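Index from 1, following the sequence. Note that ligands are numbered from 1 as they come in the structure, with each ligand's atoms numbered from 1 the same way. Not measured: the values here are computed from a predicted model.
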Amino acid sequence: MTTALLTPAEPAAGAPVARRVLTGDRPTGPLHLGHYFGTLQNRVRLQHQGAELFVVVADYQVITDRDIADRLAEHSEGLVIDYLATGLDPDRATIFAHSAVPALNQLLLPFLSLVSVAELSRNPTVKDEIAHSRQAAVSGLMFTYPVHQAADILFCKADQVPVGQDQLPHLEVARTVARRFNERYGARGPVFPEPRALLSATPLLLGTDGTKMSKSRGNAIPLAADEDTTARLIRGARTDAERRITYDPATRPGVAGLLQLAALCQGRAPEQVAEELGDGGAAALKRTVTESVNEHLRPIRARRAELAADRGHIRQVLRAGAERANAVADATLGEVRTAMGSVGSD
Ligand code: ATP
Ligand code: MG
């Protein structure tokens, strides 16, 4: 089960080599092309370069912006299937559910004391997620979400975090928490490294409505969708009446998003795809995008179907991941308690 479907790439010139990498997703629905081009490819690339990967299925984060976690087990297992189908190796990567690692929530308490309410209210991603929230009132969990995420990142002392653009403000919080913890309690040396965000060449893929492709905004093309569904989703994408196809993200976001998708799947520049389509209009553009996406995802989808047939294996991956993540989190919590001078359990 270790075949990688993505080509390993060399690190960018001058980029530090990652040793430990933490990344993850909320089990709010199936992963989509935004995840694939935004972070999944980078995860597999880092794995090929020998980094130790921790991948969190962020199940408690589902209830930051909704009242209940709908179909949680199904979505969580779906994420694991997507990870393995795109090339993560469960023998090398630690894939675990947040709720299976209680020490993460113990780390949250001292971390909460290191940030101010004003800092949390200014966080642009929190503001954006509140705007898209399905709840009438903002919960305390939503408000403290970035600190929660800091615990997810810092428990394993990750030095790199492959993320999409929307996560940059959260990563800043994790860096602040690490720095302040070290300043306040690091008399005998720093406990946490300051993690760096790793953006891909596609830090923000647009969805079929011209805004950020998101699991929960009804604008995504899931990796798991079949070819006909993919065609239908792309046919419904928002474009304009202009017949000439040009790549112009500022004035034609719908067309530009589609061109970007075709280009990513074909490994070419969006301008080149536009040039080729010429006066073909939106229908021809959508046909090209559909063919490119379906062709690119065909091997991943075939592998997905094989993996989905063995749920026992997927649950075993999560169990083994939880065991390893718990050992690492308990050790870090021990260091935190020692640094803070806590007594009582040793
Ligand atoms: P939800 O709508 O439930 O918040 P989501 O689609 O935003 O789901 P997340 O689980 O919140 O997905 O994000 C997981 C990771 O994928 C994050 O690192 C995020 O930055 C990245 N990501 C999500 N959507 C995109 C996108 N459209 N382009 C690039 N990266 C993305
Ligand atoms: Mg999100």
If the threshold is 4.0 Å, N to carboxylate O, is there a salt bridge linking E52 and R19?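 No, E52 and R19 are not salt-bridged.
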May I ask you to check whether [X] has an N/O atom sitting below 3.5 Å from an N/O atom of ligand 1?
X: R43; result: no
X: Q167; result: no
X: G38; result: no
X: G164; result: yes
X: S216; result: yes
X: D166; result: yes
X: Q165; result: no
X: L205; result: yes
X: T202; result: no

Work out whether the distance between some heavy atom of [X] and some atom of ligand 1 is less than 4.0 Å.
X: K212; result: yes
X: E129; result: no
X: A58; result: no

Tell me if the aromatic rings of F111 and F192 count as close, with their centers under 6.0 Å from one another.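 Close enough - the centres of the two rings lie under 6.0 Å apart.
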Less than 3.5 Å apart, any donor N or O on the side chain of S113 or R180 sitting next to an acceptor on the other?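 There is no such pair between these side chains.
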Would you say Y83 and D25 are linked by a side-chain donor-acceptor pair, where the criterion is simply a distance under 3.5 Å?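 Yes - a donor-acceptor pair under 3.5 Å links their side chains.
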In terms of relative ring orientation, are H98 and H148 parallel, tilted or perpendicular, with 30° and 60° separating the classes?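 The rings of H98 and H148 stand perpendicular, inter-plane angle above 60°.
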Please work out whether the ring planes of F96 and F54 are parallel, tilted or perpendicular, with thresholds of 30° and 60°.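 Perpendicular.
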Record the part of V163 in heavy-atom contact with ligand 1 below 4.0 Å; permitted values are side chain, backbone, both and neither.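 The part of V163 near ligand 1 is both the backbone and the side chain.
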For ligand 1, does H32 get within less than 4.0 Å through its side chain, its backbone, both, or neither, judged by non-hydrogen atoms?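 H32 to ligand 1: side-chain contact only, backbone stays beyond 4.0 Å.
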Check whether any side-chain heavy atom of L114 sits under 4.5 Å from a side-chain heavy atom of T176, and report yes or no.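 L114 does not reach T176 side chain to side chain.
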Do any N or O atoms from the side chain of S200 and from the backbone of F37 form a donor-acceptor pair under 3.5 angstrom?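 Such a contact is found between S200 side chain and F37 backbone.
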